[in-house]
Amino acid sequence: MAAEISDAHADGVVLVAVLKGSVPFLADMVRALTIVPIVDFMAISTYAPESGRVRIVKDLDIDVSDRDVVLVEDIVDTGLTLHYLLAELGRRGPRSIQACTLLDRTSRRIIPTPVDYRGFEIGDEFVLGYGLDFAQRYRNLDRVVVADLAVLRDDPDAYVGALYGS
Ligand code: IMP
């Protein structure tokens with residue numbers, strides 16, 4: 001993906017990482033690029049899960065008008081987050097806007113959303129690690145693991161012993 005992005009944006013790119021889950025992926029991504037990107041961050045919060053409406057919690061520091069922008073996501077699931085961000089950034093007049101995600105769960109898509117750079121397609125399984133969390137836990141695992149959502153809902157720390165044990 002880094003090679004593809006570097007090839008497509010030889011004259012520069014703004015990477016917009018979506019906090020917090022994409023941070024480990026972004027860190028590896030930028031170090032694999034052969035171009036010099038500008039990196040900025042956005043954070044959004046779901047305030048009405050049923051409607052899928054979200055609000056911006058942390059906005060960009062830079063102006064993306066006339067810039068080539070690539071959004072960097074950890075996982076695209078229903079597509080609501082990506083759809084919102086593409087629309088929001090699109091209103092700011094970028095020269096181009098693309099989306100990059102480590103994981104893509106297309107089976108759960110509610111809104112068709114274009115994904116230009118995709119790491120892995122996954123199924124319905126819930127995943128943790130490499131930025132992905134449950135109740136803010138497990139983000140610092142150096143790998144992605146499959147977890148049982150029912151077990152986590154019962155006890156968010158259920159996997160701590162097994163995953164962090166020596
Ligand atoms: P979407 O708006 O439904 O596409 O959801 C995207 C967000 O949901 C991601 O950025 C994650 O924060 C979260 N998410 C979706 N699936 C998982 C998962 O399997 N593990 C952890 N977080 C997830």
Side-chain angles (χ1 to χ4, degrees), residues 1-2 5 13-30 32 37 39-61 64 69-92 94 97-164:
M1 272 191 284
I5 291 172
V13 70
V14 178
L15 294 183
V16 173
V18 185
L19 294 172
K20 304 169 188 170
S22 67
V23 169
F25 175 47
L26 173 80
D28 284 339
M29 164 68 73
V30 291
V39 176
D40 207 345
F41 296 92
M42 271 184 106
I44 61 167
S45 170
T46 304
Y47 64 85
E50 288 74 30
S51 70
R53 286 181 299 166
V54 295
R55 65 187 171 86
I56 296 173
V57 175
K58 188 243 172 269
D59 207 341
L60 297 177
D61 293 329
V64 293
V69 175
V70 175
L71 266 166
V72 179
E73 270 276 22
D74 50 357
I75 183 167
V76 180
D77 186 35
T78 62
L80 291 168
T81 305
L82 183 56
H83 178 80
Y84 172 83
L85 287 169
L86 287 172
E88 174 61 38
L89 295 184
R91 278 194 287 277
R92 302 178 188 191
I97 182 158
Q98 295 182 310
C100 165
T101 187
L102 175 67
L103 303 175
D104 195 358
R105 191 186 281 124
T106 52
S107 61
R108 293 232 324 144
R109 206 66 106 249
I110 291 174
I111 301 184
T113 34
V115 173
D116 302 279
Y117 309 97
R118 172 185 293 112
F120 303 94
E121 167 116 29
I122 65 166
D124 283 345
E125 59 272 27
F126 189 79
V127 285
L128 295 172
Y130 196 61
L132 292 150
D133 76 309
F134 182 85
Q136 302 302 326
R137 289 134 168 108
Y138 309 102
R139 291 192 196 277
N140 66 326
L141 288 172
D142 61 0
R143 59 204 183 281
V144 176
V145 302
V146 175
D148 186 333
L149 209 41
V151 170
L152 286 166
R153 285 188 179 126
D154 190 46
D155 174 12
D157 294 314
Y159 291 101
V160 171
L163 293 173
Y164 292 91

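This one's a predicted model, so the numbers in the text were calculated from it and none came from an experiment. Order of appearance sets the numbers: ligands from 1, and atoms from 1 within every ligand.
Set against the non-hydrogen atoms of E73, the atoms of ligand 1 under 4.0 Å away are 10 (O). Every atom of ligand 1 with a heavy atom of T81 under 4.0 Å away is listed here by number and element: 1 (P), 2 (O), 5 (O), 6 (C). Atom numbering of ligand 1 starts at 1 in the shown order; those under 4.0 Å from a heavy atom of F126 are 17 (C), 18 (C), 19 (O), 20 (N), 21 (C). The atoms of ligand 1 that sit less than 4.0 Å from any heavy atom of D74 are 9 (C), 10 (O), 11 (C), 12 (O).
A side-chain donor from one of D28 and Y130 sits under 3.5 Å from a side-chain acceptor of the other.
One finds a salt bridge joining R92 and D59 here, because a Lys/Arg side-chain nitrogen approaches an Asp/Glu carboxylate oxygen to under 4.0 Å. Classification of D157 and R137 as a salt-bridged pair holds, one side-chain N sitting under 4.0 Å from a carboxylate O.
Taking the side chain as every heavy atom from C-beta outward, E73 and T81 approach each other to under 4.5 Å. Between L60 and F41, every side-chain heavy-atom pair lies at or beyond the 4.5 Å cut-off. Residues Y138 and V145 form no side-chain contact, since every pair of their non-hydrogen atoms from C-beta on lies 4.5 Å or further apart. Looking at T101 and F25, their side chains never come closer than 4.5 Å, going by heavy atoms from C-beta outward. Side chains of V18 and L71 form a contact here, defined as non-hydrogen atoms less than 4.5 Å apart.
Among L102, V127, I75, the residue whose heavy atom sits closest to atom 7 (C) of ligand 1 is I75. Within the set V18, I122, T78, the minimum heavy-atom distance to atom 3 (O) of ligand 1 is found for T78.
Close N/O approach between V76 and ligand 1 is not found [any backbone or side-chain N/O within under 3.5 Å]. For ligand 1, the polar-atom distance check finds an N/O of G79 within less than 3.5 Å of one of the ligand's N/O atoms. Residue E125 has no N or O atom closer than 3.5 Å to an N or O atom of ligand 1.
For atom 19 (O) of ligand 1, the closest heavy atom belonging to the protein is R105 NH2, 2.8 Å. Of the protein's non-hydrogen atoms, the one nearest atom 22 (N) of ligand 1 is L132 CD2, 3.8 Å.
For L82, the closest heavy-atom approach to ligand 1 does not fall below 4.0 Å. Put simply, part of D133 is less than 4.0 Å from ligand 1, judged by heavy atoms. By the 4.0 Å heavy-atom criterion, R108 is excluded from the residues contacting ligand 1.
Remark: of the listed residues V76, D77, I75, V76 is the sole one forming a side-chain contact (heavy atoms from CB on, under 4.5 Å) with D104.
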